[in-house]
Amino acid sequence: MRILVTGGAGFIGSHVVEAAVARGWEVRILDSLDPAVHPVRPPGLPGVPLFVGDVGDPASVAEALAGVDVVVHQGAKVGLGVDFFDAPDYVRNNDLATAVLLAGMAASGIDKLVLASSMVVYGEGAYTDSAGGPVRPGPRLVEDLEHGIFDPRNPATGELLLPALVSEDAAMDPRNVYAASKLAQENLASAWARSTGGTAVALRYHNVYGPRMPKNTPYAGVASLFRSALARGEAARVFEDGGQRRSFVHVGDVAEANLLSIDALAGGRISSGSLRAYNIGASEVHTVGQVATILSSFAEGPEPVVTGEFRLGDVRHITASSARARAELGWIPRHGFDDGMREFATAPLRGDQS
């Protein structure tokens with residue numbers, strides 16, 4: 001099996017590369033090594049060629065694709081961003097680059113793709129009313145947020161809603177630029193599959209954490225922000241009331257989901273001409289406040305500060321039903337929350353990007 005991992009020098013990508021090499025597969029990496037992401041050049045792996053180039057550059061893509069069987073597309077600009085001025089960067093790095101990659105795959109006759117997608121395509125997660133009926137919430141009201149009411153309301157009745165697990169069949173509702181770019185990636189991959197007869201898997205990552213997360217960057221996930229603060233000797237700052245529910249999943253389990261997706265593609269278990277999406281999130285549900293508290297405890301750092309601050313682009317609750325991944329890919333998270341967070345509390349982060 002010959003695999004190209006775009007973004008293979010990054011956080012999740014590097015774990016995918018290591019896991020694939022451990023399987024005995026032939027792996028190569030295409031990564032721009034953007035100094036904003038890699039202030040220090042990451043160490044390579046013996047026998048893993050690194051093509052330094054932009055996924056948005058057709059020549060770099062064509063060179064990296066030569067002789068490849070499967071593409072694992074991890075390269076992307078991630079996170080909520082700083083403000084809307086980030087929008088062109090998200091569209092270029094995520095959507096234009098994906099289009100260039102897919103065009104290169106079509107030209108090379110490569111028909112198997114694993115795409116790193118995200119839970120953000122859903123917007124808010126799944127909710128029910130007090131009677132247990134499913135309800136799709138509208139955007140949270142600024143007036144509610146300013147008064148410390150953080151849970152979304154039933155648009156029809158005004159009743160506060162209760163969180164539930166979101167499945168892959170939920171409506172897409174991207175609510176920030178990053179989310180819109182990730183949904184566009186899925187749509188591009190689906191169009192490529194229909195046009196070429198290729199097969200694609202979109203892995204909708206939930207909150208991924210673990211060793212080699214980026215340090216001190218506003219584009220990182222919440223676990224990395226907490227861990228970076230503790231590394232500086234500062235308290236983790238928790239937005240809202242800390243009650244935001246998430247599915248925190250260890251990067252080792254995410255890497256395994258990628259390998260199992262490759263198995264499914266190679267084994268013909270994904271229909272030709274289609275894209276199949278899977279939630280990749282831990283079976284346990286935890287709050288953002290719980291993560292801040294357990295990391296502070298394991299790192300022997302200051303207790304977290306709950307600020308009450310909010311960002312309009314954030315969602316309140318989104319937790320994964322990964323039943324489809326379990327049934328169709330055989331994916332079962334192996335890292336428990338306590339053990340994973342204990343490791344993460346002292347694990348090295350990648351670079352100082354302040």
Side-chain angles (χ1 to χ4, degrees), residues 78-84 118-167 170-180 182 204-209 218-227 229 234-249 279 281-282 284-296 302-321 337 341:
V78 302
L80 182 61
V82 176
D83 52 39
F84 199 80
S118 171
M119 66 181 187
V120 296
V121 298
Y122 299 116
E124 286 284 351
Y127 290 85
T128 68
D129 58 23
S130 57
V135 177
R136 188 67 185 166
R140 295 187 291 173
L141 304 176
V142 174
E143 182 180 3
D144 276 349
L145 297 172
E146 290 176 341
H147 287 85
I149 301 172
F150 298 116
D151 288 319
R153 295 183 183 274
N154 186 325
T157 67
E159 174 190 25
L160 292 177
L161 296 172
L162 303 173
L165 299 180
V166 67
S167 74
M172 302 293 99
D173 187 16
R175 298 191 175 190
N176 56 57
V177 171
Y178 172 57
K182 297 307 288 185
R204 293 174 181 163
Y205 300 156
H206 285 248
N207 288 75
V208 186
Y209 72 94
Y219 299 96
V222 66
S224 177
L225 296 177
F226 293 163
R227 176 69 177 79
E234 301 172 4
R237 293 178 58 81
V238 181
F239 278 18
E240 301 184 12
D241 60 357
Q244 306 95 309
R245 290 161 55 98
R246 298 289 189 270
S247 296
F248 290 90
V249 58
N279 282 331
E284 303 167 319
V285 173
H286 292 90
T287 68
V288 169
Q290 286 173 327
V291 170
T293 297
I294 197 169
L295 283 176
S296 297
E303 293 186 2
V305 175
V306 179
T307 67
E309 298 171 4
F310 62 88
R311 299 182 298 183
L312 290 178
D314 285 344
V315 299
R316 177 60 174 174
H317 304 298
I318 180 162
T319 52
S321 168
F337 180 75
M341 287 294 169

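Source: prediction; values computed, not measured. Note: hydrogens, waters and symmetry copies are ignored here, and every other heavy atom, side chains too, is used.
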Subject >> Gap separating the CG atom of L145 from the CZ atom of R311, nearest 0.5 angstrom >> reply: 12.5 Å

Original post:
Does E284 come within less than 4.0 Å of R246, counting only side-chain N to carboxylate O?
Top reply: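 Result for this pair is no, no salt bridge flagged.
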
Original post:
What pair of heavy atoms forms the shortest contact from A235 to P302, and how long is it?
Top reply: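 Taking every non-hydrogen atom into account, N-CG, 3.5 Å.
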
Subject >> Candidate pair V166 and T319, rule side-chain contact (heavy atoms from CB on, under 4.5 Å), full reasoning >> reply: CA-CA 6 Å; V166 67; T319 52; over 6 Å; no

Original post:
Considering all heavy atoms of both residues, which atom of A126 and which atom of L165 are nearest to each other, and what is their separation?
Top reply: CB-O, 3.4 Å

Subject >> Nearest-0.5 Å distance, CZ of residue F226 to OG1 of residue T293 >> reply: 9.0 Å

Original post:
Are R175 and D314 within salt-bridge range, i.e. N to O under 4.0 Å?
Top reply: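 No.
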
Original post:
What closest approach, in Å, do I318 and V315 show between heavy atoms, and which atom pair accounts for it?
Top reply: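 In terms of heavy atoms, the two residues are closest at CG2-CG2, 4.0 Å.
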
**OP:** Assign the ring pair F337 / H286 to parallel, tilted or perpendicular, where the plane angle (0 to 90°) is split at 30° and 60°.
**Re:**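 Ring orientation of F337 relative to H286: parallel.
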
Original post:
What do the steps show when you test D241 against F310 for side-chain contact (heavy atoms from CB on, under 4.5 Å), and what is the final call?
Top reply: CA-CA 9 Å; D241 60 357; F310 62 88; over 6 Å; no

Subject >> Validation row: E124, P137 side chains within 4.5 angstrom (heavy atoms) >> reply: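 Answer yes - side chains close enough.
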
**OP:** Mind checking the CG-CZ spacing from L225 to F239? Nearest 0.5 Å is all I need.
**Re:**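 Those atoms lie 8.5 Å apart.
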
Subject >> Contact summary for T128 and A164, nearest pair of heavy atoms >> reply: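 That would be CG2-CB, 4.3 Å.
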
**OP:** Taking atom types as modelled, find out whether Y209 and R227 have a side-chain donor-acceptor pair closer than 3.5 angstrom.
**Re:**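 Per modelled atom types, Y209 and R227 side chains form no pair under 3.5 Å.
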
**OP:** Begin from the C-alpha positions of R237 and E309 and carry the test salt bridge (charged side-chain N to carboxylate O under 4.0 Å, His left out) through to its verdict.
**Re:** CA-CA 10 Å; R237 293 178 58 81; E309 298 171 4; 3.1 Å; yes

Original post:
If you look at every heavy atom in L162 and D129, which pair is closest and at what distance?
Top reply: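 Scanning both residues completely, I find the closest heavy atoms to be CD1-O, 4.1 Å.
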
**OP:** State the CE-CG distance between M119 and N279, to the nearest 0.5 angstrom.
**Re:**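 One gets 10.5 Å once the value is rounded to the nearest 0.5 Å.
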
**OP:** Tell me, with the steps shown, if R136 and D173 meet side-chain contact (heavy atoms from CB on, under 4.5 Å).
**Re:** CA-CA 10 Å; R136 188 67 185 166; D173 187 16; 3.1 Å; yes

**OP:** Could you tell me whether the side chain of L312 reaches within less than 4.5 Å of the side chain of V142, counting heavy atoms only?
**Re:**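 Counting from C-beta outward, V142 and L312 do come under 4.5 Å.
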
Original post:
Which heavy atom of S247 sits nearest a heavy atom of H206, and at what distance?
Top reply: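 For S247 and H206, the tightest heavy-atom pair comes out as O-CB, 3.4 Å.
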
**OP:** For residues E159 and S130, determine if any side-chain heavy atom of one lies less than 4.5 Å from a side-chain heavy atom of the other.
**Re:** yes

Subject >> Neighbour count >12 (heavy atoms, 6.0 Å) for atom CD, E303 >> reply: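 At most 12 heavy atoms, drawn from other residues, nucleotides or ligands, come within 6.0 Å of this atom.
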
Original post:
Nearest 0.5 Å, what's the OG-CG distance between S118 and N207?
Top reply: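 Those atoms lie 8.5 Å apart.
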
Subject >> Side-chain touch L160/I149, heavy atoms, less than 4.5 angstrom >> reply: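 A side-chain contact under 4.5 Å exists here.
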
**OP:** Starting from the C-alpha separation in whole Å, work towards a yes-or-no answer on side-chain contact (heavy atoms from CB on, under 4.5 Å) for Y205 and V249.
**Re:** CA-CA 8 Å; Y205 300 156; V249 58; 5.9 Å; no

Original post:
Side-chain donor-acceptor pair under 3.5 Å between T287 and Q244, yes or no?
Top reply: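 No, no side-chain donor-acceptor contact under 3.5 Å.
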
Original post:
Taking atom CG of D151 and atom OH of Y127, what is their separation to the nearest 0.5 Å?
Top reply: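 Output value for this atom pair is 6.5 Å.
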
Subject >> Under 3.5 Å donor-acceptor, H317 side chain and R245 backbone >> reply: yes

**OP:** Inspect the contact between R316 and D144 and indicate whether a charged nitrogen and a carboxylate oxygen are less than 4.0 angstrom apart.
**Re:**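 Here D144 does not pair with R316 in a salt bridge, since their nearest N and O are not under 4.0 Å apart.
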
**OP:** State, yes or no, whether a side-chain contact exists between V135 and P155 at a heavy-atom distance under 4.5 Å.
**Re:**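 Yes; the side chains approach each other to less than 4.5 Å.
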
